[in-house]
Participant: 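Quick one: the structure is below, questions incoming.
Only this structure's heavy atoms are used, side chains among them; waters, hydrogens and symmetry mates stay out.
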Amino acid sequence: MDYKSMAAEILKNVGGEKNVSHFEHCSTRLRFSLADPAKANLEALKKINGVMGVVMKGQCQVIIGNNVIEVYEEIMKLGTFSGKEKTVNVKAKQKPVDVFIDFMVGIFQPLIAVITGGGIVKAILTVATYCFGMSKDSSTYLVLYQIGDACFYFLPIMVAFTCAAKLKCNQMLAVIVAAVPLLPSMTKLIDNGMTLFGATIPNVGYSSQIFPAILSVFVMAFIEKYFTKICPKVLRVILVPAACFLITIPLELLILGPLGYNLGTGFTNILLTLNDSVGWVVVAILAAALPFMTITGMHKALIPYVASVYTNPGYDMLNTPAKVAHNLSECGACFAVAIKTKKTTQKTVAFSASLSALFGISEPALYGVTMLNKRAMTGVVISSFISAMVMGIAGVKSYASMSTSIVGLPRHLDANNPMNFVWAIIGYLLALGISFIVTLIIYKDSDEMTSATESADNRIETKTEDVDASMNFYSPLKGRAIPMSEVNDEVFSAGILGKGIGIIPEEGKLYAPCDGKIFSVFPTKHAISMIADNGAEVLLHVGLETVTLNGKCFSPKVKDGDIVKAGDLIMEFNIDEIKRNNLDLTTCCVITNSDHYEIDVKVKGNVNKNTLLMSINNR
């Protein structure tokens, strides 16, 4: 894989260096916070070799898989990311829930490595004492324990740092604001009933707390901005930090800290109550829903929970069992597909994906195999639900943040409850076994898009050898036809996707332009691809950037695999609603494998569904 050219293409299609205000990566995804999300070309991103999928959920998430670090490093070489070309009020266009998720993920995503590292150190110590007799009073144990404990004790400082980065305020000032309540001398004063401005400071323990730091930095950001605006420039470097400290820290000690502490305590109590009553139901449902949450990026909403739960109450009974059940179910299902499929490409992809899922990376399995085959996905959902339910009923606890995979088993060791580890093993084996057996029984190679690569290969092989490639294509819309070069999108106008024509619709009805078979109704419903009877691959893309509507306004009348005739109604869409979202209605009819044909565009101007649009012949 050419990481350098891949990185350049990705950066270009997210809108360029100046459109990226923040850039990071997780285990499988590149995560771009964009100044103007409308500048991201999602369709072009999806077509880049090596890109497994794209999710626009707060951030623009480009799914790479196991090669994400290599691509990330190449992109980092291409420039700095400051979002200087911000042209729109992004938050005004985004849904509140997307803004909130983007904010929380931006705070906690960078902390996962630290939390996981500290968790692994503690897990190693647990194994050493449980299996090898290491004394908890030994100097080696005590030193190593402090290493693991520091990752949680100083969590408020790390949260303050990342929160300040998201709020674009001074990170060093934020660190001090979070550090003051952690000072041993300050802790002692608070314990002794210290007063400030005549008010007693509430006795709150700030170590390992996250909400006090977030609230305090949020207030500090406004104070910093205000005093930066009113202070003479020559005095800013002195007065702004002093104002931030003298206003924020007293507010933190008297109001913000106790409020944040109570929020965290309430959050924990709700989770504990939920676990005590119907916890196993929640775990099972979450595990079954995780494939679909991962596809949309919603699984990242669990990050704040992960960051807080290992500090109080000190264990996790929700996220870990659910994610382990899902990851290992993906592994078992992919292994079954690798054994049963007769398609060479699919066999290779499925086997590789099963190994990735076994070690905690589910995206290659999800995007490369199970999402593309309903039978495999059925095996994953059934297995995830049952195995997570068993672990939930047994009350399996995780005591450290580690990879949600087979290598994370030590997290379940509990000297006071040995059965916790036993039930964890049972849950892990059930996830692997049930998904493997169910998928092996129900899976079969079919006309579904079981492998995008292999499907494309098969279509190309049969395109001109088995059929007459001459065919007429009729207008799929009533409206005004324009040359593709006039379409206000360089991916279409430059012919990157292929040759064709643009139509500005007058009514919200899309018809089949020829006889053929529906290949794919896009998940966001804004586009339909089909295979014409002559082998031509047709993309009907309603509007420009309409993928951002996430299916709103579109009502497909066909499904994958349907046989259609020219003139059949295949979609209805709401023109007025699309206009209200300030999106271009121009609909593109593109022959994506047009290099195999001579394409003669017959018309421009007003067209109806029975108007001859273009003819296609063999080269």
Participant: Please walk me through it: do Val590 and Val538 pass side-chain contact (heavy atoms from CB on, under 4.5 Å)?
Facilitator: CA-CA 6 Å; Val590 184; Val538 186; over 6 Å; no
Participant: To the nearest 0.5 Å, what is the distance between CD1 on Ile575 and CZ on Phe573?
Facilitator: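 Here the rounded value is 5.0 Å.
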Participant: Return the set of residues passing side chain to side chain contact (heavy atoms under 4.5 Å, CB included) with Asp515 (not counting sequence neighbours), or none when no residue passes.
Facilitator: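 With sequence neighbours excluded, Asp515 shows a side chain to side chain contact (heavy atoms under 4.5 Å, CB included) to Met471, Asp533, Lys565, Ala566, given in chain and number order.
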Participant: Applying side-chain contact (heavy atoms from CB on, under 4.5 Å) to Ile48 and Ile10, what does each step give before you reach the verdict?
Facilitator: CA-CA 8 Å; Ile48 296 173; Ile10 291 173; 3.8 Å; yes
Participant: By salt bridge (Lys or Arg N to Asp or Glu O under 4.0 Å), which residues pair with Glu577, not counting sequence neighbours?
Facilitator: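 By the salt bridge (Lys or Arg N to Asp or Glu O under 4.0 Å) rule, Glu577 matches Lys552, Arg580.
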Participant: Does the ring of Tyr511 carry Lys609 above it, NZ/CZ under 6.0 angstrom from centre and within 45° of its axis?
Facilitator: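 Yes, cation above the ring, under 6.0 Å and within 45°.
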Participant: Given 3.5 Å as the limit, does a donor-acceptor pair link the side chain of Asp562 with the main chain of Lys559, or not?
Facilitator: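 Between the backbone of Lys559 and the side chain of Asp562 there is a qualifying donor-acceptor contact (under 3.5 Å).
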Participant: Any side-chain to backbone donor/acceptor pair from Thr341 onto Val337? Under 3.5 Å, distance only.
Facilitator: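 Checked: no pair found.
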Participant: For the atom pair OG (Ser21) and CG (Asn19), what is the distance rounded to the nearest 0.5 Å?
Facilitator: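 These two atoms lie 8.0 Å from each other.
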Participant: To the nearest 0.5 Å, tell me how far Cys588 SG sits from Leu539 CG.
Facilitator: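 It is 8.0 Å, given to the nearest 0.5 Å.
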Participant: Apply side-chain contact (heavy atoms from CB on, under 4.5 Å) to residues Ile63 and Val51 and explain how you reach the verdict.
Facilitator: CA-CA 6 Å; Ile63 303 154; Val51 173; 5.8 Å; no
Participant: Partners of Leu432 by side chain to side chain contact (heavy atoms under 4.5 Å, CB included), sequence neighbours excluded?
Facilitator: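 Testing Leu432 for side chain to side chain contact (heavy atoms under 4.5 Å, CB included), a comparison that skips the adjacent residues, returns Leu328, Cys331, Leu358.
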Participant: Set out, in order, the CA-CA distance, both residues' side-chain angles and the distance that settles side-chain contact (heavy atoms from CB on, under 4.5 Å) for Thr587 and Leu585, then state yes or no.
Facilitator: CA-CA 6 Å; Thr587 297; Leu585 280 165; 5.8 Å; no
Participant: Working note: Ser475 + Thr611, criterion side chain to side chain donor-acceptor pair (under 3.5 Å); need CA distance, chi angles, decisive distance, verdict.
Facilitator: CA-CA 5 Å; Ser475 176; Thr611 303; 5.8 Å; no
Participant: For the residue pair Ala336 and Phe436, what are the closest heavy atoms and their distance?
Facilitator: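 So the two residues come closest at CB-O, 3.5 Å.
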Participant: Should we count NZ of Lys557 as having more than 12 external heavy atoms under 6.0 Å?
Facilitator: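 Counting neighbours around NZ of Lys557, more than 12 heavy atoms of other residues, nucleotides or ligands fall under 6.0 Å, so yes.
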Participant: Compare every heavy atom of Leu549 with every heavy atom of Cys553, then report the nearest pair and how far apart it is.
Facilitator: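 Of all heavy-atom pairs spanning Cys553 and Leu549, the closest is SG-CD1, 4.0 Å.
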Participant: Check for a donor-acceptor pair, side chain of Asn13 on one end and backbone N or O of Glu9 on the other, with a separation under 3.5 Å.
Facilitator: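 Yes.
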Participant: What is the minimum heavy-atom distance between Ala527 and Met571, and which atoms define it?
Facilitator: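 In this case the closest contact between Ala527 and Met571 is N-CE, 4.3 Å.
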Participant: Roughly how far apart are Leu544 CG and Asn488 CG, rounded to 0.5 Å?
Facilitator: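 Here the rounded value is 6.5 Å.
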Participant: Under 3.5 Å, is there a donor-acceptor pair between the side chain of Lys509 and the main chain of Glu572?
Facilitator: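 Judged by distance alone, no pair lies under 3.5 Å.
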Participant: With rounding to the nearest 0.5 angstrom, report the CG to CG distance, Leu286 to Leu318.
Facilitator: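 Here the interatomic distance stands at 5.5 Å.
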Participant: Are any side-chain N or O atoms of Thr439 and backbone N or O atoms of Ala333, one a donor and one an acceptor, separated by less than 3.5 Å?
Facilitator: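 Between the backbone of Ala333 and the side chain of Thr439 there is no qualifying donor-acceptor contact (under 3.5 Å).
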Participant: Could you tell me the separation between the CE atom of Met6 and the CD atom of Glu70, rounded to the nearest 0.5 Å?
Facilitator: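 That separation rounds to 10.5 Å.
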Participant: So does Gly379 get a backbone contact from the side chain of Ser383, meaning a donor-acceptor N/O pair under 3.5 Å?
Facilitator: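 No; judged by distance alone, with no hydrogens or angles, the pair does not exist.
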Participant: Within the distance-only criterion (no hydrogens, no angle test), does the side chain of Asp584 pair as donor or acceptor with the backbone N or O of Thr586 below 3.5 angstrom?
Facilitator: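 Yes.
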Participant: Tell me whether Asn574 contacts the main-chain N or O of Phe554 through its side chain, where contact means a donor paired with an acceptor under 3.5 Å.
Facilitator: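 Side chain of Asn574 to backbone of Phe554, a donor-acceptor pair under 3.5 Å: no, none is there.
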Participant: Using a 3.5 Å distance criterion without hydrogens, assess whether the side chain of Arg375 forms a donor-acceptor pair with backbone atoms of Ile442.
Facilitator: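 Present.
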Participant: What pairs with Glu74 under salt bridge (Lys or Arg N to Asp or Glu O under 4.0 Å), at least two apart in sequence or on another chain?
Facilitator: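 Partners of Glu74 under the salt bridge (Lys or Arg N to Asp or Glu O under 4.0 Å) test: Lys77.
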Participant: Is there a side chain to side chain donor-acceptor pair (under 3.5 Å) between Thr370 and Glu330 once you walk through the steps?
Facilitator: CA-CA 8 Å; Thr370 57; Glu330 292 280 357; 3.0 Å; yes
Participant: Should the pair Phe351 and Phe335 be assigned to parallel (<30°), tilted (30 to 60°) or perpendicular (>60°) ring geometry?
Facilitator: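 Answer is tilted, since the angle falls between 30° and 60°.
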Participant: For Ser435 and Ser329, indicate whether the former's side chain and the latter's backbone hold a donor-acceptor pair under 3.5 Å.
Facilitator: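 Such a contact is found between Ser435 side chain and Ser329 backbone.
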Participant: Can you give me the closest heavy-atom contact between Val283 and Pro321, atom names plus distance?
Facilitator: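 Looking at all heavy atoms of both residues, the shortest contact is CG1-CB, 3.9 Å.
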Participant: Please give me the minimum heavy-atom distance between Ile339 and Leu440, naming the atom from each residue.
Facilitator: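 For Ile339 and Leu440, the tightest heavy-atom pair comes out as CG2-CD1, 4.4 Å.
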Participant: Please enumerate all residues that pass side chain to side chain contact (heavy atoms under 4.5 Å, CB included) together with Ile437, with sequence neighbours excluded.
Facilitator: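 Expected list: Ile441.
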Participant: Is the number of heavy atoms from other residues, nucleotides or ligands within 6.0 Å of NZ (Lys478) greater than 12?
Facilitator: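 Counting other residues, nucleotides and ligands, NZ of Lys478 stays at 12 neighbours or fewer.
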Participant: Heavy atoms only: give me the nearest Leu569-Leu510 pair and the separation to one decimal.
Facilitator: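 Taking every non-hydrogen atom into account, CD1-O, 3.5 Å.
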Participant: Taking side chain as C-beta onward, heavy atoms only, is Ile616 less than 4.5 Å from Phe473?
Facilitator: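 Answer yes - side chains close enough.
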Participant: Going by salt bridge (Lys or Arg N to Asp or Glu O under 4.0 Å), name the residues that satisfy it together with Asp600, two or more places apart in sequence or in a different chain.
Facilitator: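 Expected list: Lys602.
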